[in-house]
Amino acid sequence: MNVLFVMEYRANAGNTHALTNYARVGAELGHNFALYGEPEPSAPDLPFSTDVHAFDRVIFLFESKLYVPKRLQEVSLLARFPREHRYILDADGKFNPLIVVDGYDRNYSSEDERAEWLSFYGALTDHIIKPTLATSEDTPATTLPFFGFNPAQVLPPEAAPPKKYDILHVGHNWWRWKEVAGELLPAFEQIRSQVGEIGFLGLWWDAMPEWAKHEDLEPAFRVETEAFRRLNIRAEPPVPYTEVIRTMSTGRVNIFTQRPFLAHVKHLTLRYFEEFCADTIPLLMLDQDLAAAVYGPAGRELTLPGRVADKILDALQRPEHYRGLVEEVRRYMLVHHPYRRRVEELVAALADGSASPAPLLRTEG
Amino acid sequence: MKLLLVTGVDPWMRSVSTVHRYAAAGRALGHEVAVYGETNPELPGLPFTTDLAGVDLALFIVQIPDDLPDMPYLARLLDGIPRERRIVVDLWGRFNDTIRLDHDFNHLEKLDGHLASDWVEAFKAISGTILQPTLEPLRPDVQPFLFHGFDPDCVAGKSATAREAAAAWREATHEEKPYGFVYVGSNWHRWQQVRRFLEQYAPVRARVGKACLIGWDWAERPGWTIENGIAGIDTDPAFLSELDVDLYQGVRFDEVTGLLGKGRFAPVFHRPLFRHLGYVTNRTFETFCADSLPVLMLPRDFVTAIYGTAALKLVPGDDVAKHLTDALDNPQDYWDAVLQTREHLARHHSFARRFDELERLRSGSAS
C-alpha cells in the first residue's frame, strides 16, 4: 500500500521520527510511506513526495494545530483522495470532549475551539485513528498503538557519547509544569547534593514564548526560573529528531513525562519508545498499570510517581540492576511493539477501512 | 440552472462586480445563483450559500489561491459536487506555462508560494473543463469563455442618440465632470502604459482637464514589492505631481461606474499579461457603462473582435493628444461609436449570452 502522511514537518518536535520508521519498515514490507512536501535536508531518512497520484491513502496527522498544506496543494490532495481514503491520526486527543485534567491541562480552551476542530475533522473524513493501546469499545474512533520500537535505533553503550548529566529530561515544556513543579523539583531539592548535573533539553524551559499569552496558553508554558537557578538545573535548547536518542544517552537517568491530558486519554507518543532506544535508564512519570501495559512487568519498577527522589538515587546507585530492567522492557517491546507490527496494523486498518466511520458529534463516554 | 460561484469576493477588488452581475442576471433569467460561503455583510446584494444540494454547476472563478475556499468548506465542496459538474474559469492565466512579459507574470512563487505545476495540477484536479476569458487560449485543453460581460441596465446617463449624448457630455458642468479623464484600476503592472498615456496627454492637459487615477499604489511603490523584489508596480510621484494628477486609493466596486463618469474620458488599459493572452476583464465591459468616452488603449484586432468595428473610433493609436482633442471637437462621432459599441456588447456579450454558454458547457461536461 502507498500511504501519504500530511503533517507539519518539524525537525525538533512532533512525530517525524515515527514516520521515518514507517518509511523504513514499510519499504521492507513492500509498502510506500512518505510525508507530503519537498525533501528536507534535516530529514535525510524521511521520503517526501508531492505526487499525490502515487498514493492510495492519505493520513492527516494533526498535532496541536490544524495544519494544512498551501491552498492549491490542498485542492490537489482532497480531489485526489476520496473521503473514504482519507484518515486522521488524532495525535493530540482532539477527537474527545473538552477535557480538563487536574484543573490545568486541557485539549481545548473552549467549546468553540472544539467545534472548529470537529467541523474540520468532519469535513475531511469519517476515519479517525487514535494512537492508544486502549480498545475501541469506549470510543467511536479506531484505536491503534501507531508508535513503536525500532531495535536498530538502540544505542549500545560502546557507541554512546560520554555522560554529561546524572538526570536528564528531553522534551518541550508543553503542559509539563505542574508535574515538574509538583513532583520533580521537590525531589531534586531533597537529593540535589547527591547528584551531578541536571538538564532539561527542549523548547521553553528558560522562558515562555511571547505568543503564549495572546493565545491563552500561559499555563502550558509556565516556568520557574528561580527554582531552576537555585537547583542549578541547566535549560538547554532542543535537538533535531535525528539527535534525540544520542542526546538522551548523555544522561545516566532520563525522566520521561507525558502531558497529563494525553496520559488521561491513554495516548501513546513517540517518546514512549525513544526513551528505551537511548543508552540510559528511563524513569517514567506514569502510573504503574499504564507502564505495565505498555512495557510489560518490568515497566512497573521504572515508574516514579510517589517515589521520585528514592527512585532516582536508586537508579544512579544500582545502574546494573536498572539496565537489566531496561533490557527486559526492550525484549517485551520487541515482541509487542516492533514497527513491523505497527505497519501491518496500520495497513490492515487502511485496507479494509476498519479505521471505522466515526459519528463525529458523539462524545467519548 | 442552480449555479454555484466559487470565488473570493472582496468589495474592493478583482471580479466582485461581475459576480454581482451573474447573481442579478441569473435571477432575472430564472436561474438560482449563489456564491459559496458564509454571508458577507459588506456585500448585501450577493446571495451566499453553503448548501450544495442540487447544484447543477459549480463555477470555480480563480484569480488567486484564496479564491479557493479554505477548510472545512473546501472538502465539503469537492466531496459534495462531482467533478463533471465543476468548471474552472482561469481569470489570471494560471493554467499556462510560466509567462514573463516586462515584469508581469502569471506565476510567481515568492508572491503566493505556488509554482506553475501547483496551478495546473490543482485546476486539473478540480475539473476537466478549464475556461479562460480569451477568444484564443494558448493551450488546446482550454476553452474560450469570456466570463465578464456587459449589462445595458447598468449604463449611466443613457441617451437615445449620439447627438443627445454628445450634447449632454459637452454641456456637463465642472461639478458633474471635474476631470478630463479618470482611470479606475490598481497599479498592477500598468504603470508603463499609464505613463505613456499621461506623457501624450500632457500637451493638451489644459484643454482636456485634470487627470485622476483611482486605485491602489499609484502614489508610491509599495514597500512589500521592494522588500520582495517584485518589479512592475512602479510609479513616479514627481511626474504625477508635475501634471497635477489627482490620486485616490481604491474604491468599492459599486462606485466605479459613477467615478468613471466624473471624467470626460475613461481610458482602458490591460496589463501586459492580459494583452498577451487576449484576456478581457471586468473593466473591458464596465467602462462602457460609464457616462464617459472610453479610450481603448488596446490592440486594434482585439478591439474589433470584442467590441466590434465601430469601437475602432475609440482607439487613439499613437496620438493620444490628437484623439482627445478631436473628440472634444467632434463628440457626436465618438458618442456614435460608443452607442454602436454598446449595442454590439449587449448583443454579443450580455450575461444572458454567458448563461447560454454555460448551459452548453454544462451539457458538454455532463455528456
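Reminder, nothing fancy here: chain letters follow the sequence lines and each chain counts from 1. Side chains are part of it too, since the values below use all heavy atoms of this structure and drop only hydrogens, waters and symmetry mates.
Counting non-hydrogen atoms of neighbouring residues, nucleotides and ligands closer than 6.0 angstrom, the NZ atom of B:Lys110 exceeds 12 such neighbours. Heavy-atom neighbours of B:Asp97 CG from other residues, nucleotides or ligands within 6.0 Å: at or below the threshold of 12. Within 6.0 Å of NZ in B:Lys2 there are more than 12 heavy atoms belonging to other residues, nucleotides or ligands. Sparse packing is recorded around CD of B:Glu32, with 12 or fewer heavy atoms of other residues, nucleotides or ligands lying under 6.0 Å away.
Among residues 71-82 of chain B, the residues having any heavy atom closer than 4.5 Å to a heavy atom of chain A are, in sequence order, B:Met71, B:Pro72, B:Leu74, B:Ala75, B:Arg76, B:Leu78, B:Asp79.
Contact record, A:Gln73 with B:His114: N-CE1, 4.2 Å, taken as the closest heavy-atom pair.
With rounding to the nearest 0.5 angstrom, the CD1 atom of B:Ile64 is 9.5 Å from the CZ atom of A:Arg71. To the nearest 0.5 Å, the span separating OG1 on A:Thr50 from CG on B:Leu115 amounts to 9.0 Å.
For the side-chain contact (heavy atoms from CB on, under 4.5 Å) test with A:Val75, the passing option among B:Val62, B:Ile126, B:Asp118 is B:Ile126; the others fail.
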